[in-house]
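Only heavy atoms go into these numbers, but all of them, side chains included; no hydrogens, no water, no symmetry mates. Read the numbers this way: they start at 1 and go in the same order the structure lists the ligands and their atoms.
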Amino acid sequence: MTISRRTILQGATATAAIGTFSIGARGQQSAEFTYKYANNLPISHPMNQRANEAMEKIKAETKGRVVIQVFPNNQLGSDTDVLNQVRSGGVEFFTLSPLILSTLVPNASVSGIGFAFPNYDAVWKAMDGDLGTYVRGEIAKANLHVMDKIWDNGFRQMTSSKGAIASPTDLKGFKIRVPVSPLWTSMFKAFESAPASINFAEVYTALQTHIVDGQENPLAIIATAKLYEVQKYLSITNHMWDGFWFLANRRAWQRLPEDLREIVARNINAAALLERQDVAKLNDGLRAELTSKGMAINETKADEFRAALQKAGFYAEWKGKYGDEAWGILEKAVGGKLA
Ligand code: X2X
């Protein structure tokens with residue numbers, strides 16, 4: 001390959017444009033690094049509230065050198081689109097469910113195996129411990145940077161416009177939206193449902209127009225995304241825990257000098273811990289609110305659903321896919337055999 005003088009000059013100009021402290025049109029100083037952070041959740045969800053606070057702190061602590069703009073609510077595209085953009089560098093930061101990330105990093109979804117975690121204590125011990133370390137190692141191999149602390153989405157519950165889901169038999173033939181992820185599709189196929197992969201950006205409309213009859217999400221999302229407007233029945237299934245890895249385009253991350261990276265990572269990880277508390281608190285208080293919005297809520301027995309998955313060969317199949325190393329770390333984290 002020959003590199004012409006012209007290419008070198010172009011390269012030098014591009015680097016200078018990124019690296020200098022420029023003066024904006026109205027005379028105010030513009031930031032040295034202006035980055036975009038995209039996510040799929042409504043503005044009112046704790047994730048956006050805590051991310052906004054973190055970005056303010058980052059701007060202040062870096063004396064305006066780093067400005068990270070928050071784009072909530074799929075403004076920059078659906079999860080599938082934005083995953084591509086964060087890989088190419090069109091978007092610098094993105095929060096994504098480990099299960100959807102598994103379309104790029106297959107073993108990232110191991111934390112989403114059905115009925116694996118009994119409670120939040122077990123989740124945070126695992127995700128801030130060996131299981132999280134293992135998954136972040138896998139993500140790093142895919143050329144993405146990932147922050148240490150995973151954000152909470154929550155334990156997922158099922159909703160329907162057709163009727164209550166009281167036992168696994170109610171899931172047979174059920175037209176349910178699932179996020180775009182092989183693990184989600186596999187789980188609902190094991191229940192003999194008819195899962196449809198749909199990005200969150202289209203979920204409200206898909207429910208409203210009855211393309212699907214149900215979906216599953218934590219209470220905080222059912223409330224903030226107003227899914228109660230288009231769903232009548234809420235079944236407390238706690239069928240899996242889900243979170244959001246805070247990802248960065250690797251080149252964009254490495255462009256930041258070391259001291260700025262430290263400020264950005266520290267504030268984003270601290271915000272994750274606050275967001276975890278917010279979501280837990282929110283989920284505790286939401287049953288009454290969702291009932292007042294007209295939802296009919298029922299409890300279910302986790303053991304029945306787990307047994308149905310076991311019988312369908314779900315756990316054995318995924319143990320084989322993840323391999324003994326990843327499966328062993330998961331089982332150690334949850335303190336028991338899963339398959
Ligand atoms: O798409 C969903 O259902 C959501 C918002 O929970 C995720 O990001 C996985």
Contact partition for L96 relative to ligand 1, non-hydrogen atoms under 4.0 Å: neither

Subset of ligand 1 atoms that lie under 4.0 Å from at least one heavy atom of F244: 8 (O)

Can you hop from L183 to V123 via hydrophobic side chains spaced under 4.5 Å? yes

For atom 1 (O) of ligand 1, what's the nearest protein heavy-atom neighbour? Residue, atom name and distance, please. R177 NH2, 2.8 Å

What side-chain donor-acceptor pairs closer than 3.5 Å can you find for residues 71-79, not counting sequence neighbours?
residue	atom	partner	partner atom	Å
N74	ND2	N40	O	3.4
S78	OG	D81	N	3.4
S78	OG	D81	OD2	3.3
S78	OG	N199	ND2	3.4
D79	OD2	N40	ND2	2.9

Any Lys/Arg nitrogen of D303 or R306 sitting under 4.0 Å from an Asp/Glu carboxylate oxygen of the other? yes

For ligand 1, which atoms, with element, lie under 4.0 Å from some heavy atom of F200? 1 (O), 2 (C), 3 (O), 5 (C)

Nearest non-hydrogen protein atom to atom 8 (O) of ligand 1, with distance, is N40 ND2, 2.8 Å

Below 3.5 Å, N or O to N or O, backbone or side chain included: is there any such pair between N153 and ligand 1? yes

Heavy atom of the protein closest to atom 6 (O) of ligand 1 (residue, atom name, distance): N217 OD1, 2.6 Å

State, without any angle test, whether N298 and S235 hold a side-chain donor-acceptor pair at a distance under 3.5 Å. yes

Once you restrict to heavy atoms under 4.0 Å, what part of V203 touches ligand 1? Side chain, backbone, both or neither. neither

Identify, with sequence neighbours excluded, every residue that meets ring pair (Phe, Tyr, Trp, His ring centres under 6.0 Å) alongside W253. H145

Take every heavy atom of R156, measure it against each atom of ligand 1, and state whether any distance is under 4.0 Å. yes

Can you figure out which of N39, D242, L101, V180 has its heavy atom closest to atom 9 (C) of ligand 1? D242

Could you check, using the six-membered ring where one of them is a Trp, whether F117 and F155 have ring centers closer than 6.0 angstrom? no

Is a salt bridge present between R266 and D148, judged by a nitrogen-to-oxygen distance below 4.0 Å? no

Hey, are E229 and K226 close enough for a salt bridge, meaning a charged N less than 4.0 Å from a carboxylate O? no

Side chain to side chain donor-acceptor pair (under 3.5 Å) evaluation trace for Y35 with N249: CA-CA 10 Å; Y35 282 176; N249 172 271; over 6 Å; no

Can you name the atoms of ligand 1, numbered from 1 with element, that are less than 4.0 Å from a heavy atom of W184? 9 (C)

Out of all atoms in ligand 1, which are within 4.0 Å of some heavy atom of S97? Include the element for each. 9 (C)

Indicate, as side chain, backbone, both or neither, the part of I221 found under 4.0 angstrom from ligand 1 when only non-hydrogen atoms are considered. side chain

